Amino acid sequence: MKAVALIESALRDVDLPEPVPGPRDLLVQVHAVGVNPVDYKVARQPSPQARVLGWDAAGVVKAVGAEVTLFKVGDPVFYAGAIGRAGANSELHVVDERIVGRKPASLDFALAAALPLTSITAWEALFDRLGIDRHGGDRGRRLLVVGGAGGVGSIAIQLGAHVAGLEVIATASRPESAAWVRGLGARQVINHARDMAGQLAALGIDGVDFILCTADIAEHWEALTTMIAPQGRIASITRAERPLDVDLLFGKAASLHMELMFTRPNFQTADMQAQHALLNTVSELIDQGVLRGTAAEVGGPINAANLSAAHAALAGRRTIGKIVLSGF
């Protein structure tokens with residue numbers, strides 16, 4: 001089968017044997033893949049053996065393992081996979097059914113491939129880590145999304161505003177990204193390249209109840225701890241590039257939560273199937289028109305040259321929404 005693999009420090013087009021599904025695995029014919037920062041970050045780590053990357057896919061189930069109960073051959077699916085296994089930049093891919101969702105019927109495979117990793121990350125960060133009530137129990141409270149125009153931010157704004165009923169404030173540093181986040185549901189926009197706390201104060205906002213930081217948390221740590229309200233909660237989807245002064249949280253009895261969407265599949269946690277359930281819910285919300293897709297650039301085919309270009313674009317930190325590649 002055709003695939004794109006990391007060999008030493010470069011992505012290369014290769015031919016690999018077809019994978020065989022395990023007992024709870026699906027064998028998926030991959031139609032499209034989304035590209036995420038995790039892809040280029042892993043690609044920076046030289047691999048002496050060919051390693052297939054890619055943790056966002058949409059396709060059709062071609063075969064199922066002996067213990068599969070959630071899907072059947074022919075089902076259209078979307079998912080992010082597990083970082084400890086081979087990625088989805090290949091014509092055929094095996095993935096545990098417990099972290100796979102039904103593809104939104106209203107989206108084609110390319111648009112669907114933009115959603116899984118960011119949707120899981122945003123959902124878990126808001127509803128599992130920050131403890132926001134997705135049924136409206138926190139309606140009217142304030143959520144700040146730092147890095148709102150990225151893939152995770154684009155979904156988090158929508159989940160916060162349209163599902164949980166929060167007042168969402170997002171950060172953006174360019175006119176086009178500010179317009180993007182407003183279109184997704186952000187009521188106010190501030191610039192993360194400037195004094196964020198000062199901008200909030202100028203808007204008459206003295207603190208926010210929840211913060212989701214999708215950028216380098218260490219870079220913004222002092223601002224985040226200034227902006228968080230007493231007893232507020234901060235979530236980060238990135239590891240800190242330097243130690244954080246957690247004492248800055250103490251006076252407000254505020255808390256810090258870390259989100260990694262690969263944790264459930266990596267550790268085979270008892271609640272691993274929660275990702276199947278949340279992806280199905282996201283699919284329903286897309287089809288109902290509550291959420292919208294976040295693919296900003298769809299290209300193709302899936303090959304080493306196009307994936308390398310996508311990695312470079314993401315590393316430049318100037319992208320809006322998601323980059324997707326379709327077909328082989």
Side-chain angles (χ1 to χ4, degrees), residues 28 30-39 54-60 75-81 88-89 95 99-127 134 145 147-164 166 168 170 172 176-186 189 212 214 237 261 275-302 306-307 310 313-314 318-327:
V28 177
V30 175
H31 287 224
V33 297
V35 189
N36 295 284
V38 65
D39 298 0
W55 293 280
D56 248 346
V60 174
D75 284 344
V77 295
F78 73 146
Y79 59 90
N89 293 335
V95 60
I99 57 173
V100 176
R102 296 186 296 272
K103 183 186 80 66
S106 58
L107 298 183
D108 63 21
F109 288 102
L111 296 181
L115 289 167
L117 185 146
T118 54
S119 295
I120 295 170
T121 301
W123 185 288
E124 291 183 349
L126 298 186
F127 304 137
R134 72 180 182 93
V145 179
V152 174
S154 295
I155 289 292
I157 291 168
Q158 297 182 73
L159 290 175
H162 307 314
V163 176
L166 304 179
V168 179
E176 56 268 38
S177 53
W180 173 268
V181 299
R182 287 187 188 278
L184 295 172
V189 182
L212 172 59
T214 72
I237 67 166
M261 57 79 55
Q275 291 193 346
H276 163 74
L278 77 83
L279 282 175
N280 282 347
T281 302
V282 167
S283 183
E284 293 168 3
L285 292 169
I286 289 285
D287 288 339
Q288 292 166 5
V290 176
L291 302 179
R292 78 181 208 200
T294 58
E297 181 180 339
V298 178
I302 303 165
N306 288 333
L307 282 168
L314 287 173
R318 301 286 286 179
T319 57
I320 296 175
K322 289 291 295 290
I323 298 173
V324 176
L325 299 179
S326 180

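In what follows, every heavy atom counts, from backbone to side chain, and hydrogens, waters and symmetry copies are set aside. The structure displayed is predicted, hence computed values, not measured ones.
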Sequence-distant partners of [X], side-chain contact (heavy atoms from CB on, under 4.5 Å), two or more places apart:
X    : value
A122 : V152, I155, A156, L159
R134 : W123, F127, V163, T281
N280 : R102, H276

Measuring from [X]:[atom1] to [Y]:[atom2], what's the distance to the nearest 0.5 Å?
X    : Y    : atom1 : atom2 : answer
I157 : L212 : CD1   : CG    : 9.5 Å
H31  : I302 : NE2   : CD1   : 10.0 Å
I320 : T294 : CD1   : OG1   : 12.0 Å

Test side-chain contact (heavy atoms from CB on, under 4.5 Å) applied to V28 and V100, step by step: CA-CA 11 Å; V28 177; V100 176; over 6 Å; no

For residues 104-112, please give each side-chain donor-acceptor pair under 3.5 Å, one per line with the distance, not counting sequence neighbours.
| from | atom 1 | to | atom 2 | distance (Å) |
| --- | --- | --- | --- | --- |
| S106 | OG | D287 | OD1 | 2.6 |
| D108 | OD1 | A110 | N | 3.2 |
| D108 | OD1 | L111 | N | 2.8 |

Work out which heavy atom in [X] is nearest to a heavy atom in [Y]; give both atom names and the distance.
X    : Y    : answer
P116 : A113 : CD-O, 3.5 Å
Y79  : L279 : CA-CD1, 4.2 Å
A186 : A170 : CB-CB, 3.8 Å
W180 : S154 : NE1-OG, 2.9 Å
A114 : T118 : O-OG1, 3.5 Å
S119 : L278 : O-CD1, 4.4 Å

L184 vs R292, side-chain contact (heavy atoms from CB on, under 4.5 Å): CA-CA, chis, key distance, verdict: CA-CA 8 Å; L184 295 172; R292 78 181 208 200; 3.4 Å; yes

Do [X] and [Y] have side chains that approach each other closer than 4.5 Å (heavy atoms only, starting at C-beta)?
X    : Y    : result
D56  : K322 : yes
L291 : L115 : no
V290 : E284 : no
L307 : V35  : yes
Q158 : L285 : no

Contacts of N306 that satisfy side-chain hydrogen bond (donor to acceptor under 3.5 Å, both in side chains) - sequence neighbours left out: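 side-chain hydrogen bond (donor to acceptor under 3.5 Å, both in side chains) list for N306, sorted by chain: N303.
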
Partner residues of F78 under the ring-ring contact (aromatic ring centres under 6.0 Å, His included) criterion, sequence neighbours left out: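 Applying ring-ring contact (aromatic ring centres under 6.0 Å, His included) to F78 gives none.
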
Any donor-acceptor N/O pair, T214 side chain to G147 backbone, under 3.5 Å: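 Yes: the side chain of T214 pairs with the backbone of G147.
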
